[in-house]
Amino acid sequence: MNVDAVDRQIILATQAGIPLHENPWEKVAEQLGIPESDVLERMERMKREGIIRRIAAVPNHYALGYRANGMSVWDIEDEAVERLGQKISELPFVSHCYERPRHVPEWSYNVFAMVHARTREEITPLVEQILSIVGSHCRGYEVLFSQRILKKTGVRLQG
């Protein structure tokens, strides 16, 4: 991986978010004094080389009224995890779903699926939808509700 001074400037200019503008890449280019096409080409190259993992909107779900976030944890038969995990991850109310190792006897859950809703009461029918997918392959589950918001940021370069 090769990051030159211009790449570094682009990362610094975008790591906290791209400008809220009709053409955000044009604004970044103006800020750095380089052509927009250079910004786009460099971003694409950095993404292709794994320097940038992804470019995505990260909505503040709490500010949008989704305040009852529940991490549903599932004890799913190992041979069914991949197939059922894929189905769970496709549900519109699941933001992320992943497999983790069990730590028996304290922790028997191996599938995690974050469910978002406006209230805790709205979580229950959503979790029941997951339960209908996992069916008899599930040996148990729980919902762990968020108690507070922790700061979430990726790695940031210093200017």
Side-chain angles (χ1 to χ4, degrees), residues 1-3 7-8 10-20 24-25 28 39-159:
M1 289 188 229
N2 189 16
V3 177
D7 291 341
R8 186 176 175 82
I10 292 171
I11 293 169
L12 288 170
T14 59
Q15 67 184 356
I18 61 174
L20 291 175
W25 304 117
V28 171
V39 172
L40 294 171
E41 288 170 16
R42 286 173 176 270
M43 292 289 285
E44 191 59 42
R45 179 187 48 79
M46 288 191 285
K47 189 174 172 203
R48 190 175 52 250
E49 293 178 356
I51 296 166
I52 296 172
R53 190 169 27 180
R54 65 185 178 123
I55 301 167
V58 182
N60 181 339
H61 60 272
Y62 195 81
L64 294 172
Y66 288 84
R67 297 175 179 210
N69 307 302
M71 177 61 80
S72 62
V73 293
W74 304 84
D75 180 3
I76 305 292
E77 295 171 351
D78 291 337
E79 59 276 5
V81 166
E82 188 169 327
R83 179 176 55 84
L84 296 176
Q86 179 65 39
K87 288 183 178 180
I88 294 168
S89 71
E90 293 170 357
L91 294 169
F93 51 84
V94 172
S95 64
H96 47 287
C97 177
Y98 47 89
E99 180 182 10
R100 292 272 192 222
R102 293 182 176 91
H103 296 281
V104 180
E106 293 86 13
W107 189 258
S108 62
Y109 305 110
N110 60 342
V111 174
F112 295 59
M114 179 57 92
V115 177
H116 299 280
R118 293 181 188 277
T119 65
R120 286 188 177 197
E121 291 74 27
E122 291 178 6
I123 292 282
T124 300
L126 300 175
V127 170
E128 288 172 355
Q129 285 185 46
I130 296 173
L131 187 57
S132 71
I133 290 171
V134 297
S136 63
H137 298 286
C138 177
R139 296 182 287 229
Y141 71 95
E142 290 185 47
V143 179
L144 311 169
F145 287 99
S146 299
Q147 299 295 313
R148 60 187 167 130
I149 297 172
L150 301 175
K151 184 178 179 182
K152 299 187 299 186
T153 60
V155 173
R156 299 282 169 95
L157 296 181
Q158 296 293 317

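From a predicted model like this one, the values you see are computed outputs, not experimental measurements.
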Measuring from Tyr141:OH to Ser108:OG, what's the distance to the nearest 0.5 Å? 13.5 Å
Which atom of Gly85 lies closest to which atom of Cys97, heavy atoms considered: O-SG, 3.8 Å
Test side chain to side chain contact (heavy atoms under 4.5 Å, CB included) applied to Trp25 and Ile18, step by step: CA-CA 8 Å; Trp25 304 117; Ile18 61 174; 3.6 Å; yes
How long is the straight-line distance from CG of Leu40 back to CZ of Arg45, given to the nearest 0.5 Å? 13.0 Å
Which heavy atom in Ala56 sits nearest to a heavy atom in Arg54, and how many Å separate them? CB-NH1, 3.6 Å
Using 0.5 Å steps for rounding, measure from the CD atom of Glu77 to the CG atom of Asn110. 10.0 Å
Between Phe112 and Tyr98, how do the two ring planes meet: parallel, tilted or perpendicular, split at 30° and 60°? parallel
What is the distance from atom CD of Glu122 to atom NE2 of His116, rounded to the nearest 0.5 Å? 13.0 Å
Could you check whether any side-chain heavy atom of Val3 comes within less than 4.5 Å of a side-chain heavy atom of Ile51, counting everything from C-beta outward? yes
Under 3.5 Å, is there a donor-acceptor pair between the Gln86 and Glu90 side chains? yes
Is the shortest side-chain heavy-atom distance between Met43 and Val28 below 4.5 Å? no
Heavy-atom check, side chain of Val73 versus side chain of Arg100, under 4.5 Å: no
Do Trp74 and Leu84 make a side-chain contact, defined as non-hydrogen atoms from C-beta onward lying under 4.5 Å apart? no
Can you tell me how far NE2 of His96 sits from OG of Ser89, rounded to the nearest 0.5 angstrom? 12.0 Å
If you compare all heavy atoms of Ala68 against all heavy atoms of Thr119, which two are closest, and at what distance to 0.1 Å? CB-C, 3.1 Å
Tyr66 atom OH: more than 12 heavy-atom contacts under 6.0 Å: no
Residues which pass side-chain hydrogen bond (donor to acceptor under 3.5 Å, both in side chains) with Thr14, listed by chain and number, not counting sequence neighbours: none
Give a yes or no answer on whether the side chain of Arg118 reaches the backbone of Leu64 with a donor-acceptor pair at less than 3.5 Å. yes
Do Arg102 and Asp75 make a side-chain contact, defined as non-hydrogen atoms from C-beta onward lying under 4.5 Å apart? yes
Applying ring-ring contact (aromatic ring centres under 6.0 Å, His included) to Tyr109 and not counting sequence neighbours gives Trp107
Looking only at non-hydrogen atoms, find the nearest pair between Ile130 and Ala113 and report the distance. CD1-CB, 4.4 Å
Evaluate the side-chain proximity of Leu91 to Val115: yes if any heavy-atom separation is below 4.5 Å, no if none is. no
Calculate, to the nearest 0.5 Å, the distance between atoms CG and CG belonging to Leu144 and Asn69 respectively. 12.5 Å
Within a radius of less than 6.0 Å around CZ of Arg48, do more than 12 heavy atoms belonging to other residues, nucleotides or ligands occur? yes
Glu82, CD atom: more than 12 neighbouring heavy atoms under 6.0 Å: no
Does Thr124 reach the side chain of Glu128, with side-chain heavy atoms less than 4.5 Å apart? yes
Counting C-beta onward and ignoring hydrogens, is there a side-chain heavy-atom pair between Val111 and Val134 closer than 4.5 Å? no
Considering all heavy atoms, the nearest Arg8-Leu157 contact: NH1-CD1, 3.9 Å
